[in-house]
Amino acid sequence: MTLAGKRILLILSGGIAAYKGLDLIRRLRERGASVRPVMTAGAQQFVTPLAVGALAASHVYTDLFSREDEQDVGHIRLARDCDLVLIAPATADLMAKMATGLADDLASAVLLATDRPVLAAPAMNPRMWSNPATRRNHLTLSGDGIRFVGPMRGEMAESGEAGEGRMAEPMEIVAAVEALLAGPSARPLAGRHAIVTSGPTHEPIDPVRYIANRSSGKQGHAIAAALAGLGARVTLVSGPVTIADPPGVAVVRVERAVEMRDAVLAALPADIAVMVAAVADWRVADMAGGKIKKRPGETPPPLALTENPDILKTVGHHPERPRLVIGFAAETDDVVANGRAKLERKGADYIVANDVSPETGIMGGDRTEVTVIGRNGEEHWPAMGKDEMARRLAGLVAGVFDGT
Ligand code: C5P
């Protein structure tokens, strides 16, 4: 009874995946949770309140302006009399409402009024999921502290189209609920400090120009979030990125590699260092004080470069070296051999090597495929979302600290 006594407010919105909501209710109740359902008008087109209410053994709340419902608990109490608000399925429409703070029906009003953790299981057509509007809303909601489980890749129930958008399976949702509501045993990194670097660095040429790379920060930020999710105190040292800060993480923003090194060293001591940032290998030797002018007829100015500090190597050989040091290796050739050489040279315990050849779409993309190289062997992890890879890596970290 992993969820004994937990009260879950389950919001079902209008998608075909609402049918999986019925099984979800059973799974949650099997584990000891009580489930109070709220259904949008759309959800009622797919499953009936009668079925939902019977499985939940509860009144089903559907109407913001129902005198009966308001007298019974009222939408403000509904929003707070629970341990978790779970949205499954979460449609593109409901996500858009949440991101803008609309509250024109019971589900959206409850979501605006709640002070409880919110977990959403999106379900929609892959095109809707990848639409820039939904991308923006997802980012906004993540920044607001909303947690997500899924969506998964797979075939859509209605169109047979394949892609990312299918709702996570009930058991995956239950696992996410358990992780969110779990006590100290699910926080194996409580009391540990982790430093994570993320994003690119910008190396100035003059006050207006800089050298950069294509790193988005998605992987590093996801790892910071995953470590925090397991209870670690996380210092995220981030280069310039456009993605939201992960919730529950202290973010130090830097631009240049030397600043990143200084921020990392200032954050020591730490138990864990995960250096994910795509640090520029070189910086311009003498940054011009003013904008370099283009003068007609003159040859372009040469750019003399000088080497940047290697932050991973510095940390890997530091007197205050964290117990666990993990580096990344973005390679286009001989991925594993180069990763292993890097492990030795930089004093890391693990190198996560990935192939960033342009055709892989890994750099800047949402998915990744890596080989984790340790001192005693290596493990290939199949292609997966960067969030999932982050959770697996955080699990590996927790394993290292298990029982010590
Ligand atoms: O040598 P390379 O850049 O391929 O090594 C990649 C690993 O080293 C990554 O973990 C990256 O964050 C780290 N690194 C660093 N400082 C540098 C260059 C790389 O921390 N100047």
Side-chain angles (χ1 to χ4, degrees), residues 194-204 210-224 226-227 234-241 251-268 270 272-285 305-318 320-322 324-357 360 362-364 368 370-375 378 381 386 389-390 393-394 396-397:
I195 304 175
V196 180
T197 66
S198 184
T201 62
H202 285 181
E203 306 298 335
Y210 57 83
I211 301 172
N213 62 64
R214 294 186 194 283
S215 167
S216 63
K218 282 177 192 164
Q219 187 66 83
H221 279 50
I223 289 169
L227 292 170
V234 179
T235 306
L236 173 64
V237 181
S238 174
V241 295
V251 184
V252 183
R253 288 185 188 74
V254 298
E255 280 204 27
R256 299 178 293 138
V258 285
E259 291 170 355
M260 189 173 271
R261 184 229 14 227
D262 293 348
V264 166
L265 296 183
L268 288 173
I272 304 149
V274 191
M275 306 284 99
V276 196
V279 184
D281 290 321
W282 308 284
R283 67 178 179 276
V284 176
L305 300 177
T306 185
E307 206 163 312
N308 264 333
D310 188 319
I311 304 167
L312 174 59
K313 196 169 165 189
T314 307
V315 169
H317 295 99
H318 197 272
E320 283 188 286
R321 182 191 191 276
L324 182 64
V325 175
I326 302 178
F328 273 63
E331 304 283 350
T332 51
D333 309 287
D334 292 334
V335 176
V336 172
N338 285 328
R340 188 159 289 290
K342 220 160 266 184
L343 182 86
E344 294 303 329
R345 198 167 66 241
K346 303 209 180 198
D349 301 295
Y350 290 95
I351 288 283
V352 181
N354 54 21
D355 183 346
V356 291
S357 312
T360 64
I362 287 176
M363 200 96 172
T368 188
V370 301
T371 303
V372 179
I373 303 165
R375 300 208 160 265
E378 68 215 26
W381 291 0
K386 287 183 176 175
M389 138 71 188
L393 193 70
L396 184 150
V397 170

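For ligands, and for the atoms within them, numbers begin at 1 and follow the listed sequence. All values derive from a computational prediction rather than experimental measurement.
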Could you list, one pair per line, each nitrogen or oxygen of ligand 1 together with any protein nitrogen or oxygen closer than 3.5 Å, giving atom names and the distance rounded to 0.1 Å?
residue: ligand 1; atom: 1 (O); partner: Lys346; partner atom: NZ; Å: 2.8
residue: ligand 1; atom: 4 (O); partner: Lys342; partner atom: NZ; Å: 2.4
residue: ligand 1; atom: 5 (O); partner: Lys346; partner atom: NZ; Å: 2.9
residue: ligand 1; atom: 8 (O); partner: Lys346; partner atom: NZ; Å: 3.1
residue: ligand 1; atom: 10 (O); partner: Met275; partner atom: O; Å: 2.5
residue: ligand 1; atom: 10 (O); partner: Phe328; partner atom: N; Å: 2.7
residue: ligand 1; atom: 10 (O); partner: Phe328; partner atom: O; Å: 3.2
residue: ligand 1; atom: 12 (O); partner: Met275; partner atom: O; Å: 3.2
residue: ligand 1; atom: 12 (O); partner: Ala277; partner atom: O; Å: 2.7
residue: ligand 1; atom: 16 (N); partner: Ile311; partner atom: N; Å: 2.9
residue: ligand 1; atom: 20 (O); partner: Ile311; partner atom: N; Å: 3.4
residue: ligand 1; atom: 20 (O); partner: Leu312; partner atom: N; Å: 2.8
residue: ligand 1; atom: 21 (N); partner: Pro309; partner atom: O; Å: 2.8

Distance-only criterion, 3.5 Å: show the donor-acceptor pairs between side-chain atoms of residues 273-285 and protein atoms not counting sequence neighbours.
residue: Arg283; atom: NH1; partner: Glu307; partner atom: O; Å: 3.1
residue: Arg283; atom: NH1; partner: Asn308; partner atom: OD1; Å: 3.0

- Message: Keeping Glu203 on the side-chain end and Ala257 on the backbone end, is there a donor-acceptor pair under 3.5 Å?
- Response: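 Yes, the answer is positive, given that a donor and an acceptor are paired below the 3.5 Å cut-off.
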- Task: Kindly say whether Glu344 contributes a backbone atom to a donor-acceptor pair with the side chain of Arg375 at under 3.5 angstrom?
- Result: no
- Could you walk me through whether Asp349 and Arg321 pass the salt bridge (charged side-chain N to carboxylate O under 4.0 Å, His left out) test, one step at a time? CA-CA 11 Å; Asp349 301 295; Arg321 182 191 191 276; 3.1 Å; yes
- Query: So which heavy atom on Gly199 is nearest to which on Val241, and how close?
  - Reply: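 Looking at all heavy atoms of both residues, the closest pair is CA-CG1, 3.8 Å.
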- Item | Test item: Leu393 and Tyr350 side chains (from C-beta on) under 4.5 Å apart, heavy atoms | no
